[in-house]
Amino acid sequence: MMADYFNWIKAAHIISMVCWFAAIFYLPRLFVYHAMSDDSISHERFAIMERKLYRGIMTPSMIATWLFGLWMLGMGWDVYKTQGWLHVKLLLVVLLSGYHGACGFYRKKLIDNPHYKSHKFWRWFNEVPVFALIFIVILVVVKPF
């Protein structure tokens, strides 16, 4: 019975994580296009899209990911507290949460100055969460330590 309940929480955690990553991959891509745009109509459109994505999808998904993850952690703390892979995963999630915050900071900067950074910067910035996802999935599935 406890395993079934736990599995529902895990499913919700994975669903919210997928939504978070979808948004965290897409927002910096919008930054690329925003930085490349030259007219005020485009700037306004990108600012609206970025705000809706960040506030309507990305942030609620991050919060849900954290809540379901902490819920699972609390349910199995006696086992998890000795799992090295989980400590590294949590560190990566904390760093990813910082990246999320940086996206929010940059989103506001782009409203005032669409050319705050070059489109090349945003292309590189967009790659950071890819590495986090790769390492997190490997840690969770392989549990190398």
Side-chain angles (χ1 to χ4, degrees), residues 1-37 42-114 116-145:
M1 173 123 161
M2 180 72 153
D4 291 338
Y5 185 56
F6 184 85
N7 286 336
W8 280 104
I9 298 166
K10 187 189 319 184
H13 178 67
I14 292 168
I15 292 165
S16 58
M17 181 274 305
V18 169
C19 293
W20 186 24
F21 268 97
I24 217 165
F25 288 150
Y26 188 48
L27 185 62
R29 177 54 49 182
L30 288 176
F31 294 167
V32 170
Y33 302 138
H34 197 160
M36 292 174 64
S37 65
S42 295
H43 295 315
E44 187 176 323
R45 181 181 308 121
F46 284 118
I48 291 168
M49 291 172 67
E50 292 158 1
R51 177 180 49 82
K52 288 183 176 184
L53 180 62
Y54 186 78
R55 294 170 75 187
I57 297 171
M58 196 165 144
T59 298
S61 297
M62 178 190 70
I63 292 168
T65 300
W66 269 103
L67 290 175
F68 290 121
L70 291 172
W71 193 355
M72 287 189 301
L73 193 62
M75 291 175 73
W77 180 245
D78 289 337
V79 174
Y80 287 136
K81 67 182 176 186
T82 62
Q83 303 296 310
W85 65 268
L86 181 66
H87 296 272
V88 176
K89 177 202 170 190
L90 290 172
L91 174 63
L92 289 172
V93 174
V94 166
L95 293 173
L96 191 63
S97 298
Y99 180 90
H100 177 110
C103 284
F105 172 81
Y106 286 140
R107 182 186 71 78
K108 290 178 181 175
K109 286 289 209 179
L110 283 166
I111 292 169
D112 296 328
N113 181 4
Y116 171 68
K117 302 263 186 195
S118 75
H119 68 92
K120 291 179 184 176
F121 171 84
W122 298 121
R123 289 177 197 278
W124 283 105
F125 183 75
N126 194 33
E127 299 304 319
V128 172
V130 172
F131 295 108
L133 178 64
I134 290 168
F135 290 127
I136 288 169
V137 169
I138 289 170
L139 288 166
V140 171
V141 173
V142 179
K143 296 176 179 63
F145 48 88

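Small disclaimer: the values here were computed from a predicted structure and weren't measured.
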To the nearest 0.5 Å, tell me how far [X] [atom1] sits from [Y] [atom2].
{"X": "Glu50", "Y": "Arg45", "atom1": "CD", "atom2": "CZ", "answer": "12.0 Å"}
{"X": "Leu27", "Y": "Lys52", "atom1": "CG", "atom2": "NZ", "answer": "14.5 Å"}
{"X": "Met62", "Y": "Leu67", "atom1": "CE", "atom2": "CG", "answer": "9.5 Å"}
{"X": "Leu53", "Y": "Leu30", "atom1": "CG", "atom2": "CG", "answer": "6.0 Å"}
{"X": "Leu90", "Y": "Leu96", "atom1": "CG", "atom2": "CG", "answer": "12.0 Å"}
{"X": "Tyr5", "Y": "Met72", "atom1": "OH", "atom2": "CE", "answer": "12.5 Å"}

Residue set satisfying side-chain contact (heavy atoms from CB on, under 4.5 Å) with Val142, at least two apart, ordered chain then number -> Ile138, Pro144
Tyr33: side-chain contact (heavy atoms from CB on, under 4.5 Å) partners, not counting sequence neighbours | Arg29, Phe46
Only pairs under 3.5 Å count here: list side-chain donor-acceptor contacts from residues 120-135, not counting sequence neighbours, and write none if there are none.
{"residue": "Trp122", "atom": "NE1", "partner": "Lys117", "partner atom": "O", "Å": "3.4"}
{"residue": "Arg123", "atom": "NE", "partner": "His119", "partner atom": "ND1", "Å": "3.2"}

Within a reach of under 6.0 Å around CH2 of Trp77, are more than 12 heavy atoms found that belong to other residues, nucleotides or ligands?
-> yes
Side-chain polar contacts of residues 107-114 - donor-acceptor pairs under 3.5 angstrom, sequence neighbours left out - could you list them?
{"residue": "Asn113", "atom": "OD1", "partner": "His115", "partner atom": "N", "Å": "3.1"}

For residues 9-22, tabulate all N or O donor-acceptor pairs below 3.5 Å that involve a side-chain atom, not counting sequence neighbours.
{"residue": "His13", "atom": "ND1", "partner": "Thr65", "partner atom": "O", "Å": "3.0"}
{"residue": "His13", "atom": "ND1", "partner": "Gly69", "partner atom": "N", "Å": "3.3"}
{"residue": "Ser16", "atom": "OG", "partner": "Ala12", "partner atom": "O", "Å": "3.0"}
{"residue": "Ser16", "atom": "OG", "partner": "His13", "partner atom": "O", "Å": "3.0"}
{"residue": "Ser16", "atom": "OG", "partner": "Thr65", "partner atom": "N", "Å": "3.3"}
{"residue": "Ser16", "atom": "OG", "partner": "Thr65", "partner atom": "OG1", "Å": "3.2"}
{"residue": "Trp20", "atom": "NE1", "partner": "His100", "partner atom": "ND1", "Å": "3.0"}

Could you list the donor-acceptor pairs under 3.5 angstrom formed between side-chain atoms of residues 82-89 and any protein atom two or more places apart in sequence or on another chain?
{"residue": "Thr82", "atom": "OG1", "partner": "Val79", "partner atom": "O", "Å": "3.2"}
{"residue": "Gln83", "atom": "OE1", "partner": "Trp85", "partner atom": "NE1", "Å": "3.1"}
{"residue": "His87", "atom": "NE2", "partner": "Lys81", "partner atom": "O", "Å": "3.0"}

For Ser37 and Ser42, which heavy atoms make the closest approach, and how far apart are they?
-> CB-CB, 3.6 Å
In terms of heavy-atom contacts, Tyr99 and Pro28 come closest through OH-CG, 3.4 Å
